[in-house]
Chemist: 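Here's a structure for you.
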Amino acid sequence: MLDTERPETWRGAFRIELRAEAIGLAGRGWPVLPGTYPGHAEGEESDWTRPTPAHADWRERLGAHPRQVAAWWTGRPYSLLVATGTVVDAVEVDHRIGRRAAGLLRATGHPAPIVATPDGRWLFLTTVADDVPAELAGHPGVERHGAGSWVPLPPTPFRHGVVHWRVKPDIWGWRLPHAATVHDVLVRALPGADPDSAPTGTRGPRADRPTVPSRVGTQDAVTAGSPA
């Protein structure tokens, strides 16, 4: 558990690490954003559960130069968010589905970047996709993050722990696996599904041709965060 009552014991160290990670990701073209953090605003500690964009105009900030990103984290230990829908998408699942899917991906020899949060959620990062299979879209334990959304990245602090990598992006040379490949595995990892069923392979290019993020765009959906 993080000691949010003694900011000098953790916020300074986390700010430096968060800033370094944010600069590195921005340099690779990932649309990073500063997010809220425990104790971000006076009186919100009891209501804070997960980070949201720290600025209401976060959509206009996408694609900021690494120097601007560095400036954002100079004074505050903002959470590290990446906007989804332009360079990277994510599928969020509970830890049971996540563990099963991670094992299936290891068996294929095609690992995907996986993020785990202290509240038991796993995030599988992929290339951008228009949708997800119906089996995932209709499952209560699955949430898709596409245009207009965001996900936390390590080492973002939660109230009871820190977001961490289960599989780091450099395992696959920072290349994002195609969304269809990961979606197929996640479908096979759902409770009651047959893990040995063959993937459909009908929603995109081959699994051995992952995509390298190349540019950052803007998002259309409007979601208001907490102002700094």
Side-chain angles (χ1 to χ4, degrees), residues 10-38 40 50-55 57-92 111-118 121-129 143-158 161-179 182 210-219 221 223 225-226 228:
W10 65 274
R11 286 183 180 164
F14 269 103
R15 181 186 61 77
I16 294 171
E17 188 173 356
L18 287 160
R19 182 173 180 264
E21 290 295 320
I23 294 170
L25 289 169
R28 293 182 179 275
W30 288 38
V32 297
L33 295 165
T36 58
Y37 52 89
H40 179 202
R50 301 190 77 181
T52 59
H55 305 99
D57 64 344
W58 64 271
R59 293 174 296 113
E60 285 71 43
R61 296 173 182 249
L62 298 182
H65 190 278
R67 284 195 296 270
Q68 178 60 61
V69 171
W72 288 339
W73 270 270
T74 296
R76 289 193 178 191
Y78 285 121
S79 297
L80 174 54
L81 307 180
V82 63
T84 51
T86 59
V87 172
V88 57
D89 269 7
V91 179
E92 179 178 341
I114 304 172
V115 173
T117 66
R121 303 292 286 175
W122 288 37
L123 296 149
F124 289 74
L125 306 186
T126 72
T127 57
V128 174
E143 181 178 356
R144 176 193 173 220
H145 293 277
S149 187
W150 58 84
V151 294
L153 293 183
T156 290
F158 276 42
V162 179
V163 176
H164 64 280
W165 291 108
R166 298 293 302 192
V167 178
K168 294 183 177 181
D170 55 6
I171 295 296
W172 210 2
W174 287 90
R175 296 173 296 171
L176 291 169
H178 195 273
V182 177
T211 300
V212 180
S214 59
R215 65 184 179 86
V216 176
T218 58
Q219 296 175 322
T223 307
S226 302

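The first residue in the sequence is number 1, and the count goes up from there.
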Chemist: What residues form a side-chain hydrogen bond (donor to acceptor under 3.5 Å, both in side chains) with R144, not counting sequence neighbours?
Modeler: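 Not a single residue meets the side-chain hydrogen bond (donor to acceptor under 3.5 Å, both in side chains) criterion with R144.
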
Chemist: Looking at P111 and V167, what are the two nearest heavy atoms and their distance?
Modeler: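 That would be CB-CG1, 4.2 Å.
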
Chemist: So if I apply the side-chain contact (heavy atoms from CB on, under 4.5 Å) rule between V82 and each of V88, L123, L33, which one comes out positive?
Modeler: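 The passing option is V88.
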
Chemist: What residues, two or more places apart in sequence or in another chain, satisfy side chain to side chain contact (heavy atoms under 4.5 Å, CB included) together with E17?
Modeler: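 By the side chain to side chain contact (heavy atoms under 4.5 Å, CB included) rule, E17 matches P155.
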
Chemist: Would you please name every residue forming a salt bridge (charged side-chain N to carboxylate O under 4.0 Å, His left out) with R121, sequence neighbours left out?
Modeler: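 By the salt bridge (charged side-chain N to carboxylate O under 4.0 Å, His left out) rule, R121 matches E92.
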
Chemist: Drop me the distance from S149's OG to E143's CD, to the nearest 0.5 angstrom.
Modeler: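 Result: 6.5 Å between the selected atoms.
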
Chemist: Between L125 and L176, does the side chain to side chain contact (heavy atoms under 4.5 Å, CB included) criterion hold? Intermediate values first, please.
Modeler: CA-CA 7 Å; L125 306 186; L176 291 169; 4.2 Å; yes

Chemist: Let me confirm one number: the CD1-CD distance from I23 to Q68, rounded to the nearest 0.5 Å.
Modeler: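 Spacing of CD1 (I23) from CD (Q68) equals 11.0 Å.
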
Chemist: How far apart are the closest heavy atoms of W72 and P34, and which atoms are they?
Modeler: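 Looking at all heavy atoms of both residues, the shortest contact is CE3-CD, 3.5 Å.
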
Chemist: Under the side chain to side chain contact (heavy atoms under 4.5 Å, CB included) rule, what do R19 and T74 come out as? Steps first, then yes or no, please.
Modeler: CA-CA 7 Å; R19 182 173 180 264; T74 296; 3.8 Å; yes

Chemist: Is the Lys NZ or Arg CZ of R28 less than 6.0 Å from the centre of W174's six-membered ring, within 45° of the axis?
Modeler: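 Flagged: R28 positioned over aromatic ring of W174.
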
Chemist: Could you check whether any side-chain heavy atom of R76 comes within less than 4.5 Å of a side-chain heavy atom of R15, counting everything from C-beta outward?
Modeler: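 The answer is no; the side chains never approach within 4.5 Å.
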
Chemist: Between P51 and P157, is any pair of side-chain heavy atoms under 4.5 Å apart?
Modeler: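 P51 vs P157: side chains apart.
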
Chemist: Determine whether T117 and P152 make a side-chain contact, defined as any pair of heavy atoms from C-beta on separated by less than 4.5 Å.
Modeler: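 They are in contact (side-chain heavy atoms under 4.5 Å apart), so the answer is yes.
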
Chemist: Search all heavy atoms of F124 against all heavy atoms of I114 and return the closest pair with its distance.
Modeler: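 In terms of heavy atoms, the two residues are closest at CE2-CD1, 3.4 Å.
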
Chemist: What pairs with T126 under side chain to side chain contact (heavy atoms under 4.5 Å, CB included), at least two apart in sequence or on another chain?
Modeler: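 Residues passing side chain to side chain contact (heavy atoms under 4.5 Å, CB included) with T126: D89, A179, V182.
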
Chemist: Would you please name every residue forming a salt bridge (charged side-chain N to carboxylate O under 4.0 Å, His left out) with D170, sequence neighbours left out?
Modeler: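 Salt bridge (charged side-chain N to carboxylate O under 4.0 Å, His left out) list for D170, sorted by chain: empty.
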
Chemist: Which atom pair, heavy atoms only, marks the closest approach of V32 to A26?
Modeler: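 Result for this residue pair: CG2-CB, 4.1 Å.
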
Chemist: List in chain and number order the residues that pass side chain to side chain contact (heavy atoms under 4.5 Å, CB included) with P154, two or more places apart in sequence or in another chain; answer none if no residue qualifies.
Modeler: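 With neighbours one apart ignored, the set is V115, V163, W165.
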
Chemist: Hey, what do you get for CZ (R59) to NE2 (H55), rounding to the nearest 0.5 Å?
Modeler: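 If I round to the nearest 0.5 Å, the distance is 14.5 Å.
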
Chemist: Please report the closest heavy-atom contact between T156 and L153, naming both atoms and the distance.
Modeler: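 Nearest pair, atom of T156 first, then L153: OG1-O, 2.8 Å.
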
Chemist: Which value, rounded to the nearest 0.5 Å, describes the distance between T127 atom OG1 and R175 atom CZ?
Modeler: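 Interatomic distance, T127 OG1 to R175 CZ, rounded to 0.5 Å: 13.0 Å.
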
Chemist: Going by the rule side chain to side chain contact (heavy atoms under 4.5 Å, CB included), which residues pair with A20 if we only count those two or more places apart in sequence or in a different chain?
Modeler: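 Counting only residues at least two positions away or on another chain, A20 forms no side chain to side chain contact (heavy atoms under 4.5 Å, CB included).
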
Chemist: Does the side chain of P31 come within less than 4.5 Å of L25's, by heavy atoms?
Modeler: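 The answer is no, as the side chains (C-beta and beyond) never meet within the 4.5 Å cut-off.
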
Chemist: Take the angle between the ring planes of W73 and Y78 and call it parallel below 30°, perpendicular above 60°, tilted in between.
Modeler: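 Rings of W73 and Y78: perpendicular, over 60°.
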
Chemist: Please assess W58 against W150 for the test side chain to side chain contact (heavy atoms under 4.5 Å, CB included), listing each intermediate value before the final yes or no.
Modeler: CA-CA 11 Å; W58 64 271; W150 58 84; 3.9 Å; yes

